[in-house]
Participant: 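Sharing a structure with you now.
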Amino acid sequence: MKTNLIIIGAGPGGYHTAAYAARHGLSVVIIEKEHVGGTCLNCGCIPTKAFCHDAEAVEAATKICGERPVIDFSRISSRKEDVVNKLRQDVETLMAQPGITLVRGNAVLKNTNTITVGNEEYTADNIIIATGSRPKMPPIESINLPGVTDSTGLLAINNLPKRLCIIGAGVIGLEFASAFKSFGCDVTVIEYMKECLPPYDQDISRRVRKAMERRGIKFTMQAAVNKIGKNENGLQVCYECKGKSGQTEADVVLVATGRAANIEELGLEAIGVETEKGHIVVDDNMQTNVQGIYAVGDVNGRCMLAHAAIMQGMRSVNHILGREDNIKLDIMPSAVFANPESASVGLTETQCREKQLEYNVRKTPYRANGRAVAEETDGGILKLITDNNGKILGCHVCGSHAADIVQEASVLMASGCTTRMLHDMTHIHPTIAELLRDSAEN
C-alpha cells in the first residue's frame, strides 16, 4: 500500500498528527499494536486525572461533612475505566475519518520508505515514529516481588492498599500519592533528590511538599532505595539516607522513577537512524539524521509530555508540507494535578542564575485573592520571573487552578507579552487568574 505518510504509534503524538495531516490533504497510514490513545489515554494522563477528580470530591465532602466519607474503591476504579473506554472509542472514530487508515500490528522499518506489519508492506515518502515510552524500573534488589508495581499496574488494582510506598517524587509519584492519601491510604514517598519535582522551581517544589506533608503524606528525601524485601507484615523498602540505613513497610510499592523510550525492535539500526542515551536524535523539525524519517514525543526525549508530542507532530507535518508555523517548542508548560496543584512554564530562578541572566522575581500570594479565600485554597503562591524590560521568562504556581494560570502565561510568553501589557489586560473577577495580572502591578 502506498500512502503519503506513515505514523508508527497511535498515542497523542500519533493520532493528533494523523488527523492534522489528513486535514491538510495527506493520506495517512497509522499503525498501532495495542490500544489507540497510547500511554496518556490508557494508563497515564487520563486515568490518573479520573483518580484525581474523585480525590478532590472526597476532600470536598470531608470538609462539608466534617468526616471522611466511606470510600468504595470499586466505583472509583469502574468510573476510571468508563472514562478511558469512552475516550478510546472517540480516538477510534477519529482514526476512521477519510484519509486515515488504522492498521493493527507491530511495525518494523524495512527501509527508509517501507514499513512491514506482519506480512503486509506499507510505503510512504515520509515516516513519523511516535511509539511513546514505558515505565523505567531501576536496578533495585527484588524489585519483581509481588506487590511491587509501576504506574500501569497501580491503575489496574482492584483493592485499595492500606499502606502505599512510592519510590520517586516526580509528577507521577506525587499525583498518585495525593489521590491515594485522599482515598484513605497511609502514603510514604521516598526520593533520591534533595527536593520533589526536580525540574520545577525550588520555591514551588518545596511548597508542594510542605503542603502534602501537612496532609499526612510522609516524605524521605535524599534516599536511595537498594532493596525490597517481604515479611509477615508485608513489603519492606530498604534505603540509605545521608549515610544511614532506613526502611518502611507497605502493602503495595509503586516505582515511579521515570520512563524509557520505546525504540527497540523498530529496525532503526537497519536504516541508520541515530540514537543517543535511549532516545532518537532529531533536529528542530523533528527529523532524524535520515531524510524523511521523523520522531515525535517521548521517543526523542526532548520533552516527555503528551502536549509536547502533539505540537512536535504538527511541526513535523508542517516541515513535510513546507508550511511555516509559529509553534514555540521552547515554551512548554507542564502541570502536576496533585493537591495542591502546581504548574510551570519557562525558566526557573535557578536556571536564570545558571545562564547568568539579569532577572526580577515577583511573588504573589493566594491569600489576598477573593476566590482563593472563598474556596479555602489561599495557601498558594504565584511566582513570575521577568527580565529587566518586563518580558516574561517564567511563571511558576502552586495552588488552585495553577495549570490554568500557567496556560495563560504560556500564551503571553509565546506572544512576547511584557508585564506592562499584562497589567492592562482585564481579568474576570473573582477568579484565581487575577493573580497573574496582580503580579504585573508596578
Participant: State, with a plain yes or no, whether a side-chain heavy atom of Val103 is found less than 4.5 Å away from one of Ile30.
Facilitator: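 SC-SC contact between Val103 and Ile30 ruled out.
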Participant: Between side-chain atoms of residues 295-310 and protein atoms elsewhere (two or more places apart, or another chain), which donor-acceptor pairs fall under 3.5 Å?
Facilitator:
{"from": "Asp298", "atom 1": "OD2", "to": "Ser133", "atom 2": "OG", "distance (Å)": "2.6"}
{"from": "Asn300", "atom 1": "OD1", "to": "Arg302", "atom 2": "N", "distance (Å)": "2.9"}
{"from": "Asn300", "atom 1": "ND2", "to": "Ala295", "atom 2": "O", "distance (Å)": "3.0"}
{"from": "Asn300", "atom 1": "ND2", "to": "Gln312", "atom 2": "OE1", "distance (Å)": "2.8"}
{"from": "Arg302", "atom 1": "NH1", "to": "Asp284", "atom 2": "OD1", "distance (Å)": "3.1"}
{"from": "Arg302", "atom 1": "NH2", "to": "Val282", "atom 2": "O", "distance (Å)": "3.1"}
{"from": "Arg302", "atom 1": "NH2", "to": "Asp284", "atom 2": "OD1", "distance (Å)": "3.4"}
{"from": "His307", "atom 1": "NE2", "to": "Pro333", "atom 2": "O", "distance (Å)": "2.6"}

Participant: Quick test of your reading: applying side chain to side chain donor-acceptor pair (under 3.5 Å), list the pairs with at least one residue in residues 325-344, sequence neighbours left out, ordered by first then second residue.
Facilitator: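 Matches after skipping sequence neighbours: Tyr200-Ser334, Arg315-Asp325, Asn318-Asp325, Ser344-His396.
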Participant: Which atom pairs, one a donor and one an acceptor, fall under 3.5 Å between side chains of residues 138-147 and the rest of the protein, sequence neighbours left out?
Facilitator:
none

Participant: Please tabulate, for side-chain N and O atoms in residues 224-241, each donor-acceptor pair with protein atoms closer than 3.5 Å (sequence neighbours left out).
Facilitator:
{"from": "Asn231", "atom 1": "OD1", "to": "Asn233", "atom 2": "N", "distance (Å)": "2.8"}
{"from": "Asn231", "atom 1": "OD1", "to": "Gly234", "atom 2": "N", "distance (Å)": "3.2"}
{"from": "Glu240", "atom 1": "OE2", "to": "Ser245", "atom 2": "OG", "distance (Å)": "2.6"}

Participant: Between Glu408, Glu434, Arg437, which is the residue that forms a side chain to side chain donor-acceptor pair (under 3.5 Å) with His427?
Facilitator: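 Answer to the side chain to side chain donor-acceptor pair (under 3.5 Å) test with His427 among Glu408, Glu434, Arg437: Glu408.
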Participant: Please enumerate all residues that pass side chain to side chain contact (heavy atoms under 4.5 Å, CB included) together with Val83, with sequence neighbours excluded.
Facilitator: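 Residues passing side chain to side chain contact (heavy atoms under 4.5 Å, CB included) with Val83: Ile46, Arg79, Leu87.
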Participant: By side chain to side chain contact (heavy atoms under 4.5 Å, CB included), which residues pair with Arg75, not counting sequence neighbours?
Facilitator: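 Checked Arg75 against side chain to side chain contact (heavy atoms under 4.5 Å, CB included); matches are Asp72.
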Participant: Restricting to salt bridge (charged side-chain N to carboxylate O under 4.0 Å, His left out), what partner residues turn up for Asp251, sequence neighbours left out?
Facilitator: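 Expected list: Arg163.
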Participant: Which distance, rounded to the nearest 0.5 Å, do you find between the OH of Tyr122 and the NZ of Lys110?
Facilitator: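 If we round to the nearest 0.5 Å, Tyr122:OH and Lys110:NZ are 13.5 Å apart.
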Participant: Working note: Ser182 + Glu59, criterion side chain to side chain donor-acceptor pair (under 3.5 Å); need CA distance, chi angles, decisive distance, verdict.
Facilitator: CA-CA 7 Å; Ser182 294; Glu59 295 296 338; 2.7 Å; yes
Participant: Just jot down the side chain to side chain donor-acceptor pair (under 3.5 Å) partners of Glu349, sequence neighbours excluded, or say none.
Facilitator: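 Checked Glu349 against side chain to side chain donor-acceptor pair (under 3.5 Å); matches are Tyr359, Lys383.
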Participant: Should Glu213 and Lys218 count as an ion pair when the cut-off is N to O under 4.0 Å?
Facilitator: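 Salt bridge flag = no for Lys218 with Glu213.
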Participant: Mind checking what makes ring-ring contact (aromatic ring centres under 6.0 Å, His included) contact with His319, not counting sequence neighbours?
Facilitator: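 Result, ring-ring contact (aromatic ring centres under 6.0 Å, His included) vs His319: Tyr294.
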Participant: Just grab all the salt bridge (Lys or Arg N to Asp or Glu O under 4.0 Å) pairs involving residues 257-273, residues at least two apart or on different chains.
Facilitator: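 Qualifying pairs, neighbours excluded: Arg134-Glu264.
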Participant: CD1/Ile405 to CG/Leu384 distance, rounded to the nearest 0.5 angstrom?
Facilitator: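 Those atoms lie 11.0 Å apart.
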Participant: Could you check whether any side-chain heavy atom of Asn158 comes within less than 4.5 Å of a side-chain heavy atom of Ser74, counting everything from C-beta outward?
Facilitator: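 With C-beta onward as the side chain, the pair stays apart.
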Participant: Can you name the residues that form a side chain to side chain contact (heavy atoms under 4.5 Å, CB included) with Pro198, not counting sequence neighbours?
Facilitator: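 With sequence neighbours excluded, Pro198 shows a side chain to side chain contact (heavy atoms under 4.5 Å, CB included) to Met193, given in chain and number order.
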Participant: Does Arg104 have any side chain to side chain contact (heavy atoms under 4.5 Å, CB included) partners at least two apart in sequence or in another chain, and if so, which?
Facilitator: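 Only Val36, Glu92, Leu102 meet the side chain to side chain contact (heavy atoms under 4.5 Å, CB included) criterion with Arg104.
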